[in-house]
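Comments concern the structure below.
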2 protein chains.
Amino acid sequence: MSNSRSSGSEHERTYHHGDLRRAILAAALDVIAANGPAALSLRDLARRAGVSHAAPAHHFKDRTGLLTAVAAEGYALFADALAGAPDLRERGVAYVRFAATHPAHFQVMFQPDLYRADDPELLAAKARATEALRAGVADLPPGGRGEDDRLAGVAAWSLAHGFATLLLSGNLADATEGREPEAVFRSLTGLIFTPEYRRDG
Amino acid sequence: MSNSRSSGSEHERTYHHGDLRRAILAAALDVIAANGPAALSLRDLARRAGVSHAAPAHHFKDRTGLLTAVAAEGYALFADALAGAPDLRERGVAYVRFAATHPAHFQVMFQPDLYRADDPELLAAKARATEALRAGVADLPPGGRGEDDRLAGVAAWSLAHGFATLLLSGNLADATEGREPEAVFRSLTGLIFTPEYRRDG
DNA sequence: ATTCGATCTAGTCACTGGAAAGATTCGAGC
DNA sequence: GCTCGAATCTTTCCAGTGACTAGATCGAAT
């Protein structure tokens, strides 16, 4: 590692950036979070990182490759976030919190048009996340009821996902009104879930 | 109206298209439904309509203007679809059905980055849709309970919206498995809503 | 020290969105 | 029927972008 570029505020021009992949990814997340995936430009990211316009290609192949990397990283972080939650309700809260704290990742993850959905690394991370979700649903009903379990899982997923996407698209601005979105979602779950589907106090 | 262009299969070249605005909009919906909003190109749409690449600009100003028109039309159709439903549950079903039958509209509507959210026509249509949603939530609890009403409304909205977006992003493929998404959603609502929040049989 | 692979640069091409200026057609009013 | 203004469409042009290629530079292992 020749040059980490973290010592001075001015970019010290050297041939090798040091950690261009991370720098491009970080810049991409900024742009996406601010203006959406459509506003993302490889050349702009290269400029921000202080490298030539063709440099990112070596790390991500092309634009789709960059977004694939974003989605893969997103699913990995997502799986970790979900795994840390104790019960179903808190897993839903973690779902919403992830969307709120990682809006760029979340947006890209759920727009498969933007990336290569067959990427191996992405598939592995997504599988981990899916497993974390499924595990959350598995401890849901007292006894397995077959088809209803699956439906209940889809319902819980839909509830959390809908809240998260509405939040990111700005449609819950007046519903939350300054309150923490997670908190709103938490009280919301207490309202809609029937008692036998609750695990929390 | 000089030339409707609907008589023959071959485009009869005339200077005026006849209904270019509709033609461009229709082509745009096709492209978005097939490959997402990112794949949309004004020049491509112009080619499909058989006009010069600058022709669409007169009807939509720019790319953002076209997407604004898509969103506005979407909200108008959405309001109509929601207004036709008798009770809250069927309004949710209508929500999901709209997303399934108008995927392009739906996708654009809930990505405000793509269009001009302050467009007057769009705002009017969105207000109608919001009103239709609010009315659906209003007849929900037996007696008004203040803050809980609002939360329940957000919950119902989140449930329908989450199901719809997961459906469009391909995440419910194995959960529906050939069955009509609407039907799956309908049975899902019966499972998750507490009895006192139900109106249906 | 040399070599090899990884990283980055420079140059190029096709495509896109957008703006400007001109051509064609429509339709209202005479 | 004719003219004229407005709407619609074409042509031309420019800057920005993604992607490809060839070459320059660097790092590290041998």
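We use all heavy atoms of the structure for the numbers below, so side chains are in, but hydrogens, waters and symmetry mates are not. Just so it is clear: chains get the letters A, B, ... in the order the sequence lines come, proteins before strands, and each one is counted from 1.
- Closest to the side chain of Arg63(A), from the set dT16(C), dT12(D), dG18(D), is dG18(D).
- Judged by distance alone, the side chain of Arg43(B) and the main-chain N or O of His53(B) form no donor-acceptor pair under 3.5 Å.
- Leu42(B) places its CG atom 13 Å from the C1' atom of dC15(C), with the value rounded to the nearest Å.
- Atom-to-atom, CZ of Arg43(A) to P of dG11(C) comes out at 13 Å; the value is rounded to the nearest Å.
- Nucleotide dA19(C) holds its P atom 16 Å from the CZ atom of Phe60(B), rounded to whole Å.
- In terms of phosphate contacts, His58(B) brings no side-chain nitrogen or oxygen within less than 4.0 Å of OP1 or OP2 of dC9(D).
- Rounded to whole angstrom, the span from the CG atom of Leu114(B) across to the P atom of dG17(C) amounts to 14 Å.
- Ion pairing between a basic and an acidic side chain is recognised when a charged N comes within 4.0 Å of a carboxylate O; Asp62(B) and Arg116(B) show such pairing.
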Next item on the list: Give the intermediate values and the outcome of ring pair (Phe, Tyr, Trp, His ring centres under 6.0 Å) for residues Phe106(A) and His102(A).
Entry: CA-CA 6 Å; Phe106(A) 192 86; His102(A) 302 80; 10.0 Å; no
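- Protein atom CG of Leu20(B) is 12 Å distant from nucleotide atom C1' of dT10(D), rounded to whole Å.
- Rounded to whole angstrom, the span from the CZ atom of Arg47(A) across to the C1' atom of dC8(C) amounts to 17 Å.
- The interatomic distance linking Leu45(A) (CG) with dT17(D) (C1') rounds to 12 Å, in whole Å.
- Residues Arg21(B) and Ala69(B) approach most closely at NH2-CB, 4.0 Å, considering heavy atoms.
- At the heavy-atom level, Leu40(A) lies under 4.0 Å from the strands shown only through sugar-phosphate atoms.
- Within the 4.0 angstrom heavy-atom criterion, base atoms lie near His53(B).
- Among the nucleotides dT10(D), dG17(C), dA6(C), the one closest to any side-chain atom of Ala54(B) is dT10(D).
- Checked for salt-bridge contact, Arg128(A) and Glu131(A) miss the test: no charged N lies under 4.0 Å from a carboxylate O.
- Looking at the side chain of Ser52(B), the nearest of the listed nucleotides dA6(C), dA19(D), dT10(D) is dT10(D).
- Of the listed nucleotides (dA19(D), dG17(C), dA19(C)), dG17(C) has the atom at the smallest distance from the side chain of Ser41(B).
- The interatomic distance linking Arg21(A) (CZ) with dT7(C) (C1') rounds to 14 Å, in whole Å.
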